[in-house]
Protein chains: 2
Amino acid sequence: MKIEDALRQRGGRMTMQRRLILDALARARHHTTADDIQRQLRAKGFEIDASTIYRNLEVLEGLGHVTHTHLDDRVTRWHRADEERHGHLVCTVCGAETEVPMAALRPLARRLMERYGFAADLAHAAVSGICEQCRVVQSS
Amino acid sequence: MKIEDALRQRGGRMTMQRRLILDALARARHHTTADDIQRQLRAKGFEIDASTIYRNLEVLEGLGHVTHTHLDDRVTRWHRADEERHGHLVCTVCGAETEVPMAALRPLARRLMERYGFAADLAHAAVSGICEQCRVVQSS
DNA sequence: GAAGATATCGCAACTCCCTGCAATAGCGCC
DNA sequence: GGCGCTATTGCAGGGAGTTGCGATATCTTC
Ligand SMILES: [Mn+2]
Ligand SMILES: [Mn+2]
Ligand SMILES: [Zn+2]
Ligand SMILES: [Zn+2]
């Protein structure tokens, strides 16, 4: 078990809660939430405190096992790090979500590095805006 | 009064709370928060409910008088719309905030329009990443 | 296998923001 | 200037996420 070793090397411990959360992540859908995980575990008969879930997601993120994204102003979405990283476009009118390959965002990242020495993570927050359909409706 | 007219034309009303919030926004610093506004008004002897502040900021945003931005995962920041719109780079290590002109972000917006028909608002969420200093420290 | 050190847990309390609802106060009209 | 319609307010309650603290479980060491 790779993660278990990484944990212990940093003085961490493998608890039952941690193992359960890792299991849940393994089975979870693409963009999962802390609440999803808690409900999935509750359905299997395990009651894990919400703060434990949040704290563990943070630890797992530190270990590079998961990442998080903000698609809207509300809930945080979590992904396993082994999934392909990608950006998101979210329409503020209809809520439609489009995934975009990092390649489409790379030129901006490069520019920000050149101009500001800033290593941008353009997948962390979705790009908000208005999708094609909604724009057509508005202008008609 | 421009805003007052815009309000009433849409069937809105100019309440004391609304006027106080507009005053507070006029005096507020560059990136203000709902809590800033509430405290500023409290200091002048007016107690306005938080929900009233949030609801009014939303209305004023609908009228195009203010916009909001997310610099970190916590508090929402509000700007008067008459200020020049700009993007933000926020370092996830040290928290440093850098403003960037929209011109630097425009090429990506153009690309997203061409490829996805998506009218991106690249000022809505800050671009998170790691600033030059922090990157140097990490790699040393 | 037990003992000690401490990472982690559950709980309670807190922050920011949103929403439903009954009471209130602006506004348009006469 | 008064009346009625209804937009807006304050309040209470809720959802997501964070934090401090005392109790517990895991890991290390013997
Ligand atoms: Mn927003
Ligand atoms: Mn985040
Ligand atoms: Zn849309
Ligand atoms: Zn930094």
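For the pair A:Arg55 and B:Thr76, both in contact range of DNA chain C, the more 5′-proximal nearest nucleotide belongs to A:Arg55. Residue whose closest nucleotide on DNA chain D sits further toward the 5' end, between B:Asp73 and B:Asp49: B:Asp49.
Under a 4.0 Å N-O distance rule, the pair B:Asp23/B:Arg27 does not qualify as a salt bridge. Salt-bridge annotation for A:Asp49 and A:Arg55: absent, with no side-chain N of the basic residue lying under 4.0 Å from a carboxylate O of the acidic one. B:Asp5 and B:Arg8 are not joined by a salt bridge, as no carboxylate oxygen comes within less than 4.0 angstrom of a charged side-chain nitrogen. Ionic pairing of B:Asp82 and B:Arg80 is present here: one or more N-O contacts between side-chain nitrogen and carboxylate oxygen are shorter than 4.0 angstrom.
Here the range on DNA chain D touched by chain A, meaning any atom under 4.0 Å from one of its heavy atoms, is D:dA16 to D:dC27. Taking the 5' to 3' direction, DNA chain C first and last meets chain B under 4.0 angstrom from a heavy atom at C:dC16 to C:dC27.
Contacts of residues 7-34 of chain B with DNA chain C (heavy atom under 4.0 Å): B:Arg8, B:Arg13, B:Met14.
In this structure, the side chain of A:Glu47 does not engage the main chain of A:Arg42 through any donor-acceptor pair within 3.5 Å. Of the possible donor and acceptor atoms, none in the side chain of A:Arg85 sits under 3.5 Å from a partner among the backbone N and O of A:Met102.
Within 4.0 Å of B:Arg74, counting heavy atoms only, lie sugar-phosphate atoms of the nucleic acid but no base atom.
Just one of A:His86, A:His124, A:His65 meets the ring-ring contact (aromatic ring centres under 6.0 Å, His included) condition when paired with A:His79; it is A:His86.
If you check the side chains of B:Thr33 and B:Asp35, you find no donor sitting under 3.5 Å from an acceptor.
Separation of atoms CG (A:Leu25) and CD1 (A:Ile3) is listed at 9.0 Å; rounding is to 0.5 Å.
Note: B:His31 and B:His88 meet the aromatic proximity criterion, with ring centroids under 6.0 Å apart.
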